[in-house]
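Data block below; observations after.
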Amino acid sequence: MWRGIILAVQFLTVLPVRMQVDWNERTGRIAVLSFPLVGAMIGALLVAQHALLFGHVSLLVLSFLLLFSSIFFSGGLHADGWMDCSDAYFSYRDQQRRLEIMSDPRVGAFAVLSLFFLLGFRFIFMFETIAHFSLFSLFCLPLLSRLGMTLLLLTAPLAKQTGMAASFRQHVDHRFVPFVAMYGGVCLFSRETLVLFLALMLFYVIAKAFVVKQFGGVTGDVLGAFIEGSETFLWFVIWLLHAFAIL
């Protein structure tokens, strides 16, 4: 079990975990079911960073550092997925051609522009709310985004039978959804995080329909793009809650 968790940490983060883990049915399954747990680890690191720096640096600097850390801890893996999916989608080609574009290592103009606006909006939402949101929400955000990503991996069809998504999907399927959904129980401890969980479920439903229509299913890039897109969406929800004093 621990080897599976270590495999998930090694794959989804740049945390210096130096341990050789064999890829097999058991470690692969545990790794997938541990993706939200890895998100919780990243959330804990962000909370620690916020606690150490809040009051010692400006809110502008703190917002930027939290944004930078959320990208850095994942090694830019998910941002790369967002860029590849953007290039593919804005090519306005058929599904097969879009999958080929996602596999192309070259970066197009639409990828750069979409990432700029994605992170730009996220930074604004973070800066506007960083002095007001709860640290528990900051902890839950990476957990929720990876929870949604895991649900998408388990329930959406594969766009192709090779690649990262297919490798992880090999040993799991929709029957494991209840185990992954249990991570959502963490969100029951506050009204704000409960709203975030419901918002994530809405984003998941829309994203699943979108990726099936546009790409024919999920790939590794699609899963990475989901994490980046869902985190920005959840920051938007936090901004709405505080800007209009809903909670």
Practice item. Could you give me the CA-CA distance, side-chain angles and deciding distance for M83 and V107, then say whether side chain to side chain contact (heavy atoms under 4.5 Å, CB included) is met? Key: CA-CA 8 Å; M83 296 174 74; V107 175; 3.5 Å; yes

**Study point:** Side chains of L154 and D173 in contact at under 4.5 Å (non-hydrogen atoms)
**Key:** no

Review point. Parallel under 30°, tilted from 30 to 60°, perpendicular over 60°: which one fits the rings of F176 and F179?
Key: tilted

Check your understanding: Can you find a pair of side-chain heavy atoms, one from L141 and one from I238, that are under 4.5 Å apart?
Key -> yes

Check your understanding: Can we call the ring centroids of F226 and F203 under 6.0 Å apart?
Key -> yes

Point to revise | Closest approach of K213 to Q95 (non-hydrogen atoms, all atoms of both residues) | key: O-NE2, 2.9 Å

Point to revise | Heavy-atom check, side chain of H56 versus side chain of L62, under 4.5 Å | key: no

Exercise for review: Using a 4.5 Å cut-off on heavy atoms from C-beta on, say whether the side chain of D87 contacts that of R106.
Suggested key: no

Review point. With R146, which of V180, I227, L37 fulfils side chain to side chain contact (heavy atoms under 4.5 Å, CB included)?
Key: I227

Review point. With under 30° as parallel and over 60° as perpendicular, where do the rings of F236 and F125 fit, or are they tilted in between?
Key: tilted

Study note, to complete from the structure: Looking only at heavy atoms, the pair that brings R122 and S70 closest together is NH1-OG, 3.7 Å

Review point. Counting only N and O atoms by type, is there a donor-acceptor contact under 3.5 Å from the side chain of S74 to the main-chain atoms of I71?
Key: yes

**Study point:** Side chains of L118 and L115 in contact at under 4.5 Å (non-hydrogen atoms)
**Key:** yes

Exercise for review: Decide if atom CZ of F64 counts as having more than 12 heavy atoms of other residues, nucleotides or ligands within a radius under 6.0 Å.
Suggested key: no

**Study point:** Within the 6.0 Å centroid threshold, strictly below: W239 and F121
**Key:** no

Review point. Can you check whether R98's main-chain N or O pairs, donor with acceptor, with R93's side chain at less than 3.5 Å?
Key: no

Check your understanding: From L66 CG over to L59 CG, what is the distance, rounded to the nearest 0.5 angstrom?
Key -> 10.5 Å

Point to revise | Distance in Å, I101 CD1 paired with Q96 CD, rounded so as to fall on 0.5 Å steps | key: 11.0 Å

Revision key, fill the gap. Smallest heavy-atom separation, E231 atom then P142 atom, equals OE2-CA, 3.7 Å

Exercise for review: Can you see which heavy atom on V186 is nearest to which on C140, and at what distance?
Suggested key: CG1-SG, 4.1 Å

Review point. Taking the six-membered ring for Trp, are the ring centroids of F139 and F189 within less than 6.0 Å of each other?
Key: no

Study note, to complete from the structure: Partner of M164 under side chain to side chain contact (heavy atoms under 4.5 Å, CB included), picked from L153, T219, L223, D221, is L223

Practice item. Anything under 30° is parallel, anything over 60° is perpendicular, the rest tilted; go ahead and classify Y89 against Y92. Key: tilted

Check your understanding: If you measure from CD on Q170 to CZ on R29, what distance do you get to the nearest 0.5 Å?
Key -> 10.5 Å

Review point. Which pair of heavy atoms, one from V47 and one from L135, lies closest together, and at what distance?
Key: CG2-O, 3.4 Å

Review point. How about I42 and L12: do any of their side-chain heavy atoms sit closer than 4.5 Å?
Key: no

Exercise for review: Could you tell me how the ring of F110 sits relative to the ring of F90: parallel (under 30°), tilted (30 to 60°) or perpendicular (over 60°)?
Suggested key: parallel

Exercise for review: List the atom of C187, the atom of T193, and the distance in Å for their closest heavy-atom pair.
Suggested key: O-OG1, 2.8 Å

Point to revise | side chain to side chain donor-acceptor pair (under 3.5 Å) assessment of Y204 paired with T155 | key: CA-CA 11 Å; Y204 156 76; T155 59; 2.6 Å; yes

Review point. Considering residues, nucleotides and ligands other than F210, do more than 12 of their heavy atoms fall under 6.0 Å from its CZ?
Key: yes

